[in-house]
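Accompanying notes for the structure given below.
Proteins come first, then strands; the chains are lettered A, B, ... in the order of their sequence lines, and each starts at number 1.
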Amino acid sequence: MAIRVYNSLSRVKEDFKPLHEGWVGIYVCGPTVYDWTHLGHARTYVAFDAIIRWLEYRGYRVFYVQNITDVGHLTEAGEDKVVGRALRERVEPMALVEFYMREYFRDMDALGVRRPDISPRATGHIIDMIEAIKQLIEKGYAYEVDGNVFFDVSKFTDYGKLSRVRIEEMIAGARIDVHPGKRDPRDFALWKKASIDYPLKWVSPWGYGFPGWHIECTVMAMKYLGEQIDIHGGAVDLIFPHHENEIAQAEALTGRKPFVKYWMHTGLLTVNGEKMAKSLGNYIRVRDILEKYSPAAVRLFILSAHYRSTLDYREEKLNEAESNMKRLMNSLARIEEAKIEKASDKPASSEERQILSELYRLSNSFDESMDDDFNTAEALSFLFEISRTINKLVDLPSINKPILNEAESILKSKLRILGLPDTPPRREASSKLVEALIDIIIDIRNEARRRKDYATADEIRRRLALIGVKLEDLPGKTIWRIEGGY
RNA sequence: GCCGGGGUGGCUGAGAGGCGUAGGCGGCGGGCUGCAGACCCGCAUCACAGGGGUUCGAAUCCCCUCCCCGGCUCCA
């Protein structure tokens, strides 16, 4: 069955057919590395990570490019974000970039986001950008004014096709930067002039300067993925002007349309219903949230809503995600325990066969949800049902070994696809020695229970819980688990 | 003003004409338990913003109204 993808350009779900059979080129707009990674970034990159994992699961060879913006991204006041921050902190701009870029990767690694195949930096592609700008001037789509180069929006008739911004109405917008040299207020900068003492500048045919923000993505996307690419993604707030301008630049440059076959946009993250904004003081850094919640829970929280809908951050939801994660890990742990204690070579009973076919049905439903525009929220509902069905299976007194293995591989495969841990914490966090020690403690406690010395038994359980070891008394035996740790 | 996205049971959050009254959390009841937890089963006046319409059938399509959020050269 074909994957369906919602295309922001057409505003409908389309059957996914890459430009080249079996190969998918995807470009996602990366962060401007002048500050800490926040939860909004995480939302977008976790979502695309799940999308890419699914495409690969469906047999595509995926080539993933995500840029690192380290120059050219201006604030409303017209200041380069990297340069401005570096000047205030009295550090070399590239040192600032290096620091936040490493922290960005660290945060993404923690969240289980796989690294792109290429993470091109804008500053490493100045030559390519200058070349592109030269060509745009030659083709009549751009013009130079006193060391600045602007894209002439009036020359590109398709302008506005992605954002549906009506070019005539833009003039009414109050926030348009009216650079004195612009022929038209709607034109945007490809190259910005820099003074001789400016810290981040390059030589160009138009003198010292630095590139505009939009041209970097166009140039790097085309350099590594070709003149036409399958998927280009980012959050919805990039649709205008960033992606609109990218289309204008790319299609003006190559004359080939469309530049991007499928535009995919993730919804924004809000905090307690409000937009996350520095001015509101409600920025949530990834590193801060990871001090309170496990990476897997943060990831599960993100995937619990569809990637296109607005995701509202609230403490309760993270707590919920945390307990949901435990629920999934419990199933996994129970399978492992069952493999050791209940696996049987006897032929499967009709009840076991019924459970297995139920698992297959749920597994297919999961896949169908993911095929339908990567609906992780719906897929998760089937994952929880898989978990519950498995719990029923492992409650049986003895279990057919192949069925048990099959159940385990279904659960693990779904977890991996979503980028969630597929190993219960016990294995990771313990050693043979620890396991043996805990077994001794459990034996002593059970001896106390036999004597009906419940005070001692409860005290042992309480103290172990304090160090993260949870005991569970089941009929006939006691098992233990490590809390969290995933 | 223009362009988008929404309003679903106590809370979240899928569903976009019938094909599962999704799922999770919380609550209540039961099972298993010395207790707890985990796990399983069950329950919750008409759940679909309001009003019209189309249809054999509407949360889902159409029209009108109300409300919320976002974009409109800072944003992932």
Original post:
Do S294(A) and E322(A) get their side chains close enough for a donor-acceptor pair, meaning under 3.5 Å?
Top reply: yes
Original post:
Is atom CZ of R463(A) surrounded by more than 12 heavy atoms (other residues, nucleotides or ligands) closer than 6.0 Å?
Top reply: no
Subject >> Enclosure of E459(A) CD (heavy-atom neighbours >12, cutoff 6.0 Å) >> reply: yes
Original post:
Within the structure shown, what part of the strands sits under 4.0 Å from N375(A) by heavy-atom distance: base, sugar-phosphate, or nothing?
Top reply: sugar-phosphate
Subject >> No-H, no-angle donor-acceptor pair, E472(A) side chain to rG37(B) base, under 3.5 Å >> reply: yes
**OP:** Determine whether the side chains of Q66(A) and Y64(A) contain a donor N or O and an acceptor N or O closer than 3.5 Å.
**Re:** yes
Subject >> Short N-O contact, E337(A) and K342(A), less than 4.0 angstrom >> reply: no
Subject >> Stem list, RNA chain B (Watson-Crick or G-U pairing under 3.5 Å, at least 3 consecutive pairs) >> reply: B:1-7 with B:66-72, B:10-12 with B:23-25, B:27-31 with B:39-43, B:49-53 with B:61-65
Original post:
Hey, does R445(A) reach any base, or is it just sugar-phosphate, or nothing, if we go heavy atoms under 4.0 Å?
Top reply: base
Subject >> Between rC61(B) and rA16(B) - C1' atom distance, rounded Å >> reply: 9 Å
**OP:** Using atom CZ of F384(A) as one end and atom C1' of rG23(B) as the other, report the distance to the nearest whole Å.
**Re:** 8 Å
**OP:** Report the residue (K13(A) or K470(A)) whose heavy-atom-nearest nucleotide on RNA chain B is the more 5′ of the two.
**Re:** K13(A)
Subject >> Nearest-Å distance once atom C1' is located in both rC43(B) and rG26(B) >> reply: 14 Å
Original post:
Can you tell me if E244(A) and S163(A) form a side-chain donor-acceptor pair at under 3.5 Å?
Top reply: yes
**OP:** For the side chain of D237(A), starting at C-beta, report the closest nucleotide among rA38(B), rC39(B), rA76(B).
**Re:** rA76(B)
Original post:
Distance-only, no hydrogens or angles: does the S363(A) side chain make a donor-acceptor pair with backbone N or O of L359(A) under 3.5 Å?
Top reply: no
Original post:
On a plain distance test, is the side chain of R461(A) in donor-acceptor contact with the base of rA36(B) below 3.5 Å?
Top reply: yes
Original post:
Which part of the nucleic acid, if any, lies within reach of T310(A) when heavy atoms closer than 4.0 Å are counted: base, sugar-phosphate only, or nothing?
Top reply: nothing
**OP:** Round to the nearest Å and state the distance from I460(A) atom CD1 to rG37(B) atom C1'.
**Re:** 17 Å
Original post:
With rounding to whole Å, what would you report as the distance between rA22(B) and rC56(B) at their P atoms?
Top reply: 26 Å
**OP:** Dump the intermediate steps for ring-ring contact (aromatic ring centres under 6.0 Å, His included) on H214(A) and H243(A), then the final yes or no.
**Re:** CA-CA 8 Å; H214(A) 315 298; H243(A) 289 161; 9.4 Å; no
Subject >> Side chain of E378(A) (C-beta onward), nearest among rG15(B), rA76(B), rC25(B) >> reply: rG15(B)
Subject >> F151(A) and Y141(A) aromatic ring geometry - parallel, tilted or perpendicular at 30°/60° bounds >> reply: parallel
Original post:
Which part of the nucleic acid, if any, lies within reach of L238(A) when heavy atoms closer than 4.0 Å are counted: base, sugar-phosphate only, or nothing?
Top reply: sugar-phosphate
**OP:** For N391(A) and for A305(A), find the nucleotide of RNA chain B with the closest heavy atom, then tell me which residue's nucleotide is more 5'.
**Re:** A305(A)
**OP:** Name the closest nucleotide to the L268(A) side chain, picking from rC40(B), rC25(B), rG70(B).
**Re:** rG70(B)
Original post:
At under 4.0 Å between heavy atoms, what does R43(A) touch on the DNA or RNA strands: base, sugar-phosphate, or nothing?
Top reply: nothing
Original post:
Just checking L383(A): base, sugar-phosphate only, or nothing, at a heavy-atom cut-off of under 4.0 Å?
Top reply: nothing
**OP:** Give, ordered by number, those residues of residues 352-363 of chain A having at least one heavy-atom distance below 4.0 Å to an atom of RNA chain B; if nothing qualifies, reply none.
**Re:** R361(A)
Subject >> Whole-Å distance separating the CG atom of N282(A) from the P atom of rG70(B) >> reply: 11 Å
Original post:
Which one, rG5(B), rA36(B), rA76(B), comes nearest to the side chain of Y6(A)?
Top reply: rG5(B)
Subject >> Candidates L415(A), L420(A), N324(A) - the one meeting side chain to side chain contact (heavy atoms under 4.5 Å, CB included) with M329(A) >> reply: L415(A)
Original post:
Out of rC41(B), rC35(B), rA76(B), which has the shortest distance to the side chain of K392(A)?
Top reply: rC41(B)
Original post:
Where the side chain of K275(A) is defined as all heavy atoms beyond and including C-beta, which of rG34(B), rG24(B), rG70(B) is the nearest nucleotide?
Top reply: rG70(B)
**OP:** Quick one: label G40(A) by what it contacts on the DNA or RNA (base, sugar-phosphate, nothing), any heavy atom closer than 4.0 Å.
**Re:** base
**OP:** Quick one: label D395(A) by what it contacts on the DNA or RNA (base, sugar-phosphate, nothing), any heavy atom closer than 4.0 Å.
**Re:** sugar-phosphate
**OP:** Take atom P in rG50(B) and the same atom in rG1(B), then report the distance between them in whole Å.
**Re:** 25 Å
**OP:** Classify the side chain of N324(A) and the base of rC25(B) as holding, or not holding, a donor-acceptor pair under 3.5 Å.
**Re:** no
Subject >> Gap between atoms CZ and C1', on R334(A) and rC40(B) respectively (whole Å) >> reply: 8 Å
**OP:** Quote, to the nearest angstrom, the P distance that separates rC62(B) from rU21(B).
**Re:** 25 Å
**OP:** Could you check which of rU12(B), rA76(B), rG34(B) has an atom nearest any side-chain atom of K317(A)?
**Re:** rU12(B)
Original post:
For the side chain of R449(A) and the base of rG34(B), is some donor closer than 3.5 Å to an acceptor across the two?
Top reply: yes
**OP:** Give a yes/no on whether any side-chain N or O of S163(A) is located under 4.0 angstrom from OP1 or OP2 of rG4(B).
**Re:** no
**OP:** Could you check how far OH of Y283(A) sits from P of rC74(B), rounded to whole Å?
**Re:** 13 Å
Original post:
What is the distance from CE of M325(A) to P of rG23(B), rounded to the nearest Å?
Top reply: 20 Å
**OP:** Tell me, yes or no, whether the heavy-atom count around E351(A) atom CD, taken from other residues, nucleotides or ligands under 6.0 Å, exceeds 12.
**Re:** no
Subject >> Test item: side-chain donor near acceptor, Y34(A) and D80(A), under 3.5 Å >> reply: no
Original post:
Does the side chain of T478(A) pick up a donor-acceptor pair with the side chain of E472(A) at under 3.5 Å?
Top reply: no
Subject >> Rounded distance in Å - CZ (R314(A)) to C1' (rC11(B)) >> reply: 7 Å
**OP:** Please state how far atom CG in N319(A) lies from atom P in rC11(B), giving the value in whole angstrom units.
**Re:** 18 Å
**OP:** Could you check whether T270(A) gets within reach of a base, just the sugar-phosphate, or nothing at all, counting any heavy atom under 4.0 Å?
**Re:** nothing
**OP:** Mind checking E385(A) for me? I need base, sugar-phosphate or nothing, with any heavy atom below 4.0 Å counting as a touch.
**Re:** base
Original post:
Using a cut-off of 4.0 Å on non-hydrogen atoms, how would the nucleic acid contact of H38(A) be classed: base, sugar-phosphate, or nothing?
Top reply: base
Original post:
If you measure from the C1' atom in rG17(B) to the same atom in rU55(B), how many Å do you get, rounded?
Top reply: 9 Å
Original post:
Using the rule for Phe, Tyr, His and the six-membered ring of Trp, do Y454(A) and rG34(B) stack at under 5.5 Å and under 30°?
Top reply: yes
Original post:
Taking the inter-plane angle between the rings of Y27(A) and H232(A) on a 0 to 90° scale, is it parallel (under 30°), tilted (30 to 60°) or perpendicular (over 60°)?
Top reply: tilted
Subject >> Among rG24(B), rG37(B), rA22(B), the one nearest R327(A) by side-chain distance >> reply: rG24(B)
